[in-house]
Amino acid sequence: MTVERYNSREKEPHWQKVWEDRQTFVVRDDDARDPYYVLEMFPYPSGRIHMGHVRNYTMGDVLARYMRARGKNVLHPMGWDAFGLPAENAAMQNKVPARDWTYANIANMKKQLKAIGLSFDWTREFATCDVAYYNQQQKLFLDFLAAGLVTRKKSKVNWDPVDMTVLANEQVIDGRAWRSGAVVEQRELTQWFLKISDFAEDLLDALDGLDQWPEKVRTMQRNWIGRSEGMRLLFEIVPSPKVTGAAVEVFTTRPDTIFGASFIALSPDHPLAGELAASDPVLAEFIAECHRQGTATETLEKAEKLGHFTGIHVKHPVKDGEVLPVYVANFVLMDYGTGAIFGCPAHDQRDLDFAVKYALPVIPVVLPEGAEPDHFVVGTEAYVGPGKIYHSQFLDGLSVEAAKKKIAEYFGAKQVDGRPQGKVEVNYRLRDWGISRQRYWGCPIPVIHCEECGTVPVPVEDLPVKLPDDIPLDKPGNALDHHPSWKHVACPNCGGAAARETDTMDTFVDSSWYFARFTAPNAANPTDPAIAAKWLPVDQYIGGVEHAILHLLYSRFFARAMKKTGHIGLEEPFRGLFTQGMVTHETYKSVAGEWLAPTEVAFETNGTARTARHISTGAAVEIGSIEKMSKSKKNVVDPDEIVATYGADTARWFMLSDSPPERDVQWTEAGVEGASRFLQRVWKLVAESLELGLPDPAATADAAEILAIRKIAHRTTGNVAEEIEGLRFNRAVAQIYELTNALTRFLPSVAAAPTAEGLSALREGIQRLIQVTAPMMPHLAETCWVALGKEGLVADALWPEVDPALLVEDTVTVAVQVNGKLRATIELPLGAPREHIEQLVLSLEPVARMLEGKPPRKLIIVPDRIVNVVV
RNA sequence: GCGGGCGUGAUGGAAUGGUAGACAUACAGGACUUAAAAUCCUGAGAGGGUAGCCUCGUGCGGGUUCGAGUCCCGCCGCCCGCACCA
C-alpha cells in the first residue's frame, strides 16, 4: 500500500475557505448554548506576525475549538492594538501617513493569521485606531471625568528635549533617551491622570479571589500596589526665621522606634526644602545636583546616601527638651508618603548609612531575643527583626507590634499645630496613572481649554474628536500641536476662542477595555451592558507575562471604573489568566562576530557532536546560546516560511508539543520535522485503514488486542480533554502520540485478520484520534473526517463520549518492593484480596531470598498499587 | 536586598507520597532500496556480570515515612520580577 503524502499547501487554504464561507466561527449573542469567552492578547500591528504570536494564538485556538466541541457557544475574537509610536516613526522615515502604514500592516497580518487556521470570529474585528473605537473611548473618558475618576495635575516627567516628547521610564536608559540619545530632563507638566489609586485597596484585596491566575502575576501585582501600614507623624519645627510652617509631616511604618530617632530627612522636592533653598545657595545647589542624578535609576542602588543640613531643627516628639536636625537627603522620594521621613539608624539600613556618614547618633530601641541590653550594639548593619522595645520609657518591654499600637494611641491624643500629632495610615506604592502623551497617533483626549471657562469637556454630541488626516510630519514632537487649524475651536461653554487638548491617551488605555468592546463591537455606546453581562468575564485570557503588571492592572482598574459608570456589571475582567512562555532559537555567530540567521547556516553532525558553517562562504560558525527570537540576534524564523514549507498544522503541533506552555519553547528544525512526520503518520494511518476491505467471516482475531485498543481510544479521549482544559497541551500531545502508536501497531493485525470487531475497533479508534487531534491540527482533521466518510465538519462535531466501562482495567500490575526498593512486579486481578496478595508476594523468589526464611517485620499492602515488604 | 519560580538521561520534558525517565528529539543497529531520502522494526540512565541479575542514580547535606523527584529544614546554582517605597 502506498499512500500519497498529505499536501497541506493544498488542503489548508481549502478548509480556511470552507470555515469562512460557512461562517463556522461566527458567534451569535442569542445562541442558546453556554457562553464561553476565550481571548488572546491582541497584537500591535507591526506588519508581520512572529512565532510568539503563532504560539499564543494556537493555544487560544485549541481551547476555543475544544470548547466548541464541548457544546459551548465560544466567543473568540481578534483585533488590533493599533495606536502607538512605531507608526509615527514609520511616517517620518517613509513619508507615509501613520494611518496608511497601520492599516496596511493590519491587512498583511490578518492574512498571515488566517493562514494559521485560527477559529476567530472575524466579524467582530476592530482596530483601536478605528474612529468608531476611539469615539467610544472618548465617551468613556467623559464618563470617568464626570464620575471623578480623572484628574489633571502637575507631575514630573522625563522630557526628551530633542524629540520634544515625554518618555516613559522604560524609554530612559542611563539618563538618556533610548531613541535620540539626548540627556533626559525632568520637567513639570500638567497631565491627565486616571485615579487608579482610588481602587488600590480593592485591586489588592481582589487578587486573592483570582484563583485561576498564576501566583506569579498576583504576587507581582501585590508588590506593585505595595500596601504598607504606618503612621503620619507631625514634628513641630523649632521656630526659625527661615521657615513659615509650624510642622513637618513624615510617614513611617516604624513608629515604635520613635525613641531611636536621630534626624529628619526631606526629599529634595519637598516644599520645605524649596523654601529653605531660596535663602541657602548651597542647599539650592545640592537639590539641583540631586535632580541631575535623579533619572539614572539603575545606578541608584550603589549611589551614596547624601544629605545637606538645613540649619533647622524639630522638637523630639517624645523626648522632652531634645531636638532633631532636619536634612535634605537624596534618598527620600517626594511621591511616596509625605516626602519626609524620620531617621532611626539602628533599625533601618538607609538611615544607618546616612547616620554613619554624617556622624548622627545610633540609638538601638529594639532588643533582639536573647541579646543583653548592655551589650547589644548596632554596627554596620541595622537590626530590622523582631524583639522587645527598650530605651523607650513607656514603650519598654513591649513587642514591636504592641508598641506600634501604643504609640499610635499616644500620638493620636496629642495635638500639634491644631491637629492630632499622629494618624494611622495605609500607604500604597501605586500611583495614579498618567495617561497624557505628547503624540499624535493616539486617542485624542476630548477636552477643550478655554481662557474664560478653564478646562471644558467636549460635549458628548460633538464626539468623536477625530484625528486630522493631514498631519504635518516635518517637525519632531506632537504634530497635533503643530497642526495649523486642528486645535483651534470655539469653547463649547462660552463660544469664545479656545484650544483643544493636543495630548493623546497612553495606548494602554486602548487595550484596557477592548475585551469588553468585543462583546458588542458595533454598539452605539462603549458596551451593551446586557450583552456584556452575558459574555464577561473572559473565561480564559492568554498572553505574555510581560503584561503581568501594567496591562492587566489597568484592565482591572478599567473594569471597576466601567462598573462605576454603568458600562459593565463586574469588577474582574479575566477569570482565568494564562501566561505563555517565549519562543527561543539558537543563535549563530560568524568568526567576525556577526550574528547569522538560521537560514545562512548549515550543520554537520558527527555522532553527538554538531558543527556549523556558513552556507555561502563555508567558514566555520559558532553555535551560540539559545535566546528569545529577536531581529537583532537574527535568530528568527518566519511563520510564513514555515507555513509554506510544512503547513500551519505542523507549526501548530510543534508549538504545542514538548514544552509546557508556560515555559519557553525552543524552535528547532528537528522539532518541526518531527511534527511534520507525525502529521504524515496520522494521514497514512487514516488512508491505510480505508484500504482495508470488508470483514472476512473466516478470520479470527485476538479479542484482547481489540479490547485494549478500544480502551486506549476511550482513555485518550478523556485524558486529552482533561489536559486541554488544564492548558497542559504538551501532555495532551503525548497522549495523542500514544494512541497513534497503538493504532499504527494495531492496523497490521486487522489487515491480517479482518474481523468485523477488529475493523470496527480500528475505525472507532481512528475517528477518536482525528477528533482529539482536531483542535490542534484542524485542517488535517477536516481532511481525514471527509476521508472517513463523516458528515459535516469535524469543527462542528461534538467531542466523543467516553464509555466508563472501558476505563476500568480488570488486572493491574502491582509493584513489589523490599525495603522500599523495587524487586518484582506481579499481575493481579483488580481488587485482589490482601491475603491472596500477601501469600503470593512472600512466595516470590526475590522476596523469599531477602527474607532468608524469617517472617517480614512489616508488610504494607496498598491494594491495586504496591506492596512493600520490610525485612 | 526583597519577592516568585526552577534544578530529572545527550536534549525538550513525564511522573494524585507508591514501578523515575511516559511522549518526543537526537543517536546507534537492522529491514526495504542499485543507492540515498522517506518509511518500518529494534536498542539505549550510569556502572558491573556469559547470564539470571546486582550496585548506583532526580543540584548538595540532613530529616519525616514502610516508601521521597514529590513533604520539611539548611545550603549551592540558574531564571524572572521589583528595587532607596521609610
Side-chain angles (χ1 to χ4, degrees), chain A residues 2-3 5 214-224 226-228 230 250-254 257 265 267 297-298 300-305 329-333 335-344 347-351 353-354 384 427-431 545-546 548-549 605-610 654 657-660 662-666 668-675 677-678 680-681 684 728 730-738 740-741 744-745 748 813-825 845-846 856-862 864-871:
Chain A
T2 53
V3 171
R5 284 176 67 81
E215 190 52 49
K216 176 184 174 149
V217 173
R218 293 197 286 168
T219 306
M220 283 164 74
Q221 292 211 352
R222 263 185 212 112
N223 293 341
W224 187 262
R227 181 180 199 272
S228 53
V250 307
F251 178 73
T252 178
T253 56
R254 294 300 302 273
T257 63
S267 162
T297 45
E298 288 308 309
L300 277 181
E301 80 185 273
K302 285 151 210 147
E304 210 180 344
K305 306 272 177 288
N330 65 348
F331 67 94
V332 182
L333 306 172
D335 47 9
Y336 185 79
T338 62
I341 60 156
F342 82 77
C344 176
H347 305 293
D348 183 284
Q349 193 58 47
R350 290 158 304 177
D351 296 349
D353 295 345
F354 191 80
V384 296
N427 240 303
Y428 294 92
R429 212 185 73 112
L430 184 68
R431 323 234 166 100
V545 74
E546 67 274 18
I549 298 176
T605 47
N606 187 354
T608 51
R610 190 160 151 270
F654 177 56
S657 350
D658 291 344
S659 282
E662 69 278 10
R663 283 197 221 168
D664 291 353
V665 64
Q666 189 194 344
T668 61
E669 194 72 11
V672 189
E673 293 282 355
R677 214 150 44 219
F678 174 71
Q680 295 294 344
R681 266 182 72 198
K684 199 176 148 202
R728 295 176 294 263
N730 56 319
R731 301 208 302 200
V733 164
Q735 293 277 340
I736 292 172
Y737 271 115
E738 285 191 52
T740 309
N741 290 344
T744 306
R745 279 190 293 267
T813 309
V814 172
V816 179
Q817 300 179 333
V818 177
N819 292 337
K821 261 189 192 170
L822 183 74
R823 293 297 164 182
T825 57
E845 192 275 330
R857 280 208 293 188
K858 206 168 182 181
L859 191 62
I860 312 283
I861 300 176
V862 183
D864 302 331
R865 290 220 84 134
I866 201 161
V867 176
N868 193 8
V869 184
V870 185
V871 178

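As the structure is a prediction and not an experimental result, all values here were calculated from the model. What's counted below: heavy atoms across the whole structure, side chains too, no hydrogens, waters or symmetry copies. Chain A is the first sequence line, chain B the second, and so forth, proteins listed ahead of strands; every chain is numbered from 1.
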Identify the pairs formed between an N or O of the protein and an N or O of nucleotides 61-70 of chain B at a distance under 3.5 Å, and give each distance.
from   : atom 1 : to        : atom 2 : distance (Å)
C66(B) : OP1    : Lys858(A) : NZ     : 3.2
C66(B) : O2'    : Asn868(A) : ND2    : 2.9
C66(B) : O2     : Asn868(A) : ND2    : 2.7

Classify the side-chain pair Arg857(A)/Asn819(A) by whether it contains a donor and acceptor separated by less than 3.5 Å. no
Would you tabulate the pairs of protein nitrogen or oxygen atoms and nucleotide nitrogen or oxygen atoms of nucleotides 56-59 of chain B closer than 3.5 angstrom?
from   : atom 1 : to        : atom 2 : distance (Å)
C56(B) : OP2    : Lys821(A) : NZ     : 2.7

Would you please name every residue forming a side chain to side chain donor-acceptor pair (under 3.5 Å) with Glu662(A), sequence neighbours left out? none
For Arg677(A), the salt bridge (charged side-chain N to carboxylate O under 4.0 Å, His left out) test, sequence neighbours excluded, returns none
By the 4.0 Å heavy-atom rule, please label Val545(A) as base, sugar-phosphate, or nothing. nothing
Nearest-Å distance for atom pair CD/C1', residues Glu662(A) and C80(B): 14 Å
Would you classify Asn741(A) as touching base, sugar-phosphate or nothing, given that sugar-phosphate means primed atoms plus P, OP1 and OP2, and contacts are heavy atoms under 4.0 Å? sugar-phosphate
Base, sugar-phosphate, or nothing for Asn730(A), non-hydrogen atoms under 4.0 angstrom? sugar-phosphate
Check every strand shown and say whether Pro660(A) touches a base, only sugar-phosphate, or nothing at a heavy-atom separation below 4.0 Å. sugar-phosphate
Atom pairs, protein N/O to nucleotides 39-42 of chain B N/O, distance under 3.5 Å:
from   : atom 1 : to        : atom 2 : distance (Å)
U39(B) : O2'    : Lys684(A) : NZ     : 3.1

Roughly how many Å is it from CE in Met220(A) to P in C80(B), rounded to a whole number? 12 Å
Under 4.0 Å, heavy atoms only, any strand: does Arg431(A) hit a base, just the sugar-phosphate, or nothing? base
Residues passing the salt bridge (charged side-chain N to carboxylate O under 4.0 Å, His left out) test with Arg823(A), sequence neighbours excluded, are none
Any residue meeting side chain to side chain contact (heavy atoms under 4.5 Å, CB included) with Ala265(A), in chain and number order, not counting sequence neighbours: Phe263(A), Ala329(A), Val332(A), Ile341(A)
Under the side chain to side chain contact (heavy atoms under 4.5 Å, CB included) test, residues paired with Arg222(A) that sit two or more places apart: Leu204(A), Leu207(A), Asp208(A), Glu215(A), Arg218(A), Thr219(A)
Set of residues satisfying side chain to side chain contact (heavy atoms under 4.5 Å, CB included) with respect to Ala548(A), sequence neighbours excluded: Val217(A), Met220(A), Val545(A)
Using the glycosidic torsion, which applies to G48(B): syn (within 90° of 0) or anti (everything else)? anti
Across all chains, not counting sequence neighbours, the side chain to side chain donor-acceptor pair (under 3.5 Å) partners of Asp658(A) are none
Whole-Å gap separating C1' (A86(B)) and CZ (Arg227(A)): 16 Å
Which part of the nucleic acid, if any, lies within reach of Thr825(A) when heavy atoms closer than 4.0 Å are counted: base, sugar-phosphate only, or nothing? base
Arg823(A) side chain N/O closer than 4.0 Å to the phosphate oxygens (OP1, OP2) of C54(B)? yes
Go through RNA chain B and write down every stem, that is, every run of at least three consecutive Watson-Crick or G-U wobble pairs with distances under 3.5 Å, as range with range. B:1-7 with B:76-82, B:10-12 with B:23-25, B:27-31 with B:39-43, B:45-48 with B:53-56, B:59-63 with B:71-75
List the steps, then state whether salt bridge (charged side-chain N to carboxylate O under 4.0 Å, His left out) holds for Asp335(A) with Arg431(A). CA-CA 8 Å; Asp335(A) 47 9; Arg431(A) 323 234 166 100; 3.3 Å; yes
Take atom C1' in C79(B) and the same atom in C73(B), then report the distance between them in whole Å. 24 Å
Sequence neighbours excluded, which residues qualify as side chain to side chain contact (heavy atoms under 4.5 Å, CB included) partners of Gln666(A)? Thr584(A), Glu586(A), Ile626(A), Thr668(A)
Counting any heavy atom closer than 4.0 Å, what does Gly226(A) reach on the DNA or RNA strands: base, sugar-phosphate only, or nothing? nothing
Between Leu822(A) and Glu215(A), who's closer to the 5' end of RNA chain B by nearest nucleotide? Glu215(A)
Using the P atom as the point on both nucleotides, what is the distance between C60(B) and C40(B), in whole Å? 39 Å
